[in-house]
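All residue numbers in this chain count up from 1 along the given sequence. Counting convention: from 1, in listed order, for ligands and their atoms alike.
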Amino acid sequence: MDFFDAIKARRSIRKFTDAEVPNAVMQKAFDAAVLAPNSSNVQTWNFIWCKSLDVKNKLIMACLSQSAARTAKELVVVTADPALWRRSQPYLVDYVKSVSAPKQVIMYYEKLIPISYRWGFLNVMAPLKWLIANGVGLFRPMPRGPNTRGDLQEVAMKSAALACENFVLAISAQGFDTCMMEGFDECRVKNLLKLNSSERVVMVIGIGKAADSGTWGPQFRIPKKLVTKEM
Ligand SMILES: Cc1cc2nc3c(=O)[nH]c(=O)nc-3n(C[C@H](O)[C@H](O)[C@H](O)COP(=O)(O)O)c2cc1C
């Protein structure tokens, strides 16, 4: 499917049929998801395909039993956790050393990432980071964060949301349908999937084949001129 056709074909589906989603379709979508651009390439995301009937049923309940979750053939939970920098950092250091990356990039992954991705107990490192960023920022352009755990979770969630979009478009390009959901009880989802305390649930994605009554109507957006600006 053409790129723009896949974008147009994607709709948020609230009712799926009983049609199975082939494993190959799911795998291709996971492959596309992990190719999403992400902050510092630290890949602080997880894609949890909930296959067990028990987990699925509990997840549907945590998604407030909404029809998009209830009728979905497959459910994937996408999470973001800034603490996962520890998982990718050794790979990234090896990688940047193996290619012709500038010395500063190697330094960045070896020294700066471990500092900037730590927040300390009760955000103890945040005030110091804030002072440095805003002090230097008085004299030259300077990123003013992330400083707190919340800031770092926001960074991780931004990247994970991009991966979600890659995922749903890849499903759409293969002739299947999705619904992204943030209507869920995050505490229950976290307990169910035994997530880390710093891990946030970004979205639950329902996947399947759209039923004829899968959408409420044609796709609707407010006029483009209201949301696109030039300065
Ligand atoms: C972050 C996010 C959360 C959403 N949460 C839900 C949800 O919990 N339940 C639902 O039915 N749709 C949900 N949607 C779908 C939106 O309602 C939908 O994208 C919007 O109405 C536009 O429709 P379209 O996707 O068919 O173009 C969500 C979409 C996004 C991007």
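For atom 20 (C) of ligand 1, the protein comes within 4.0 Å by no heavy atom at all.
Residue Arg11 touches ligand 1 through backbone and side chain together, judged by heavy-atom distances below 4.0 Å. With a heavy-atom cut-off of 4.0 Å, Cys179 touches ligand 1 through its side chain alone. Only the side chain of Arg221 comes within 4.0 Å of ligand 1, counting heavy atoms alone; its backbone N, CA, C and O stay farther away.
For atom 27 (O) of ligand 1, the closest non-hydrogen atom on the protein side is Gln219 NE2, 2.5 Å. Ser12 OG, 3.3 Å is the protein heavy atom nearest to atom 15 (C) of ligand 1. Among all non-hydrogen protein atoms, the one lying nearest atom 3 (C) of ligand 1 is Glu182 CG, 3.2 Å. In terms of protein heavy-atom proximity, atom 8 (O) of ligand 1 is closest to Gly183 N, 2.9 Å. The shortest contact between atom 9 (N) of ligand 1 and any protein heavy atom is with Gln66 OE1, 2.8 Å.
Relative to the ring axis of Trp216, Arg14 places its NZ or CZ within 45° and under 6.0 Å from the centre. Geometrically, Lys209 engages Phe176 in a cation-pi contact defined by less than 6.0 Å to the ring centre and at most 45° from the axis.
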Under 3.5 Å, which donor-acceptor pairs link side chains of residues 191-203 to any protein atom two or more places apart or in another chain?
{"residue": "Asn191", "atom": "ND2", "partner": "Cys187", "partner atom": "O", "Å": "3.4"}
{"residue": "Asn196", "atom": "ND2", "partner": "Asp81", "partner atom": "OD2", "Å": "3.0"}
{"residue": "Ser198", "atom": "OG", "partner": "Asp81", "partner atom": "OD1", "Å": "2.6"}
{"residue": "Glu199", "atom": "OE1", "partner": "Asn196", "partner atom": "N", "Å": "3.2"}
{"residue": "Glu199", "atom": "OE2", "partner": "Asn46", "partner atom": "ND2", "Å": "3.0"}
{"residue": "Glu199", "atom": "OE2", "partner": "Thr79", "partner atom": "OG1", "Å": "2.6"}
{"residue": "Arg200", "atom": "NE", "partner": "Glu186", "partner atom": "OE1", "Å": "3.4"}
{"residue": "Arg200", "atom": "NE", "partner": "Glu186", "partner atom": "OE2", "Å": "2.9"}
{"residue": "Arg200", "atom": "NH2", "partner": "Glu186", "partner atom": "OE1", "Å": "3.1"}

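No more than 12 heavy atoms of other residues, nucleotides or ligands sit less than 6.0 Å from atom NZ of Lys28.
Classification of Lys51 and Glu74 as a salt-bridged pair fails, no side-chain N sitting under 4.0 Å from a carboxylate O.
Considering backbone and side-chain atoms together, Met203 places no N or O closer than 3.5 Å to any N or O of ligand 1.
Side-chain N or O atoms of Lys129 include one that pairs as donor or acceptor with a backbone N or O of Ser116 at under 3.5 Å.
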**OP:** Go through the steps to decide whether Phe47 and Trp49 satisfy the test ring-ring contact (aromatic ring centres under 6.0 Å, His included), and finish with yes or no.
**Re:** CA-CA 6 Å; Phe47 305 88; Trp49 184 1; over 10 Å; no
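In summary, the aromatic rings of Phe30 and Phe167 are positioned with their centroids under 6.0 Å apart.
The residue from Met180, Met181, Arg14, Arg10 that puts a heavy atom closest to atom 17 (O) of ligand 1 is Arg14.
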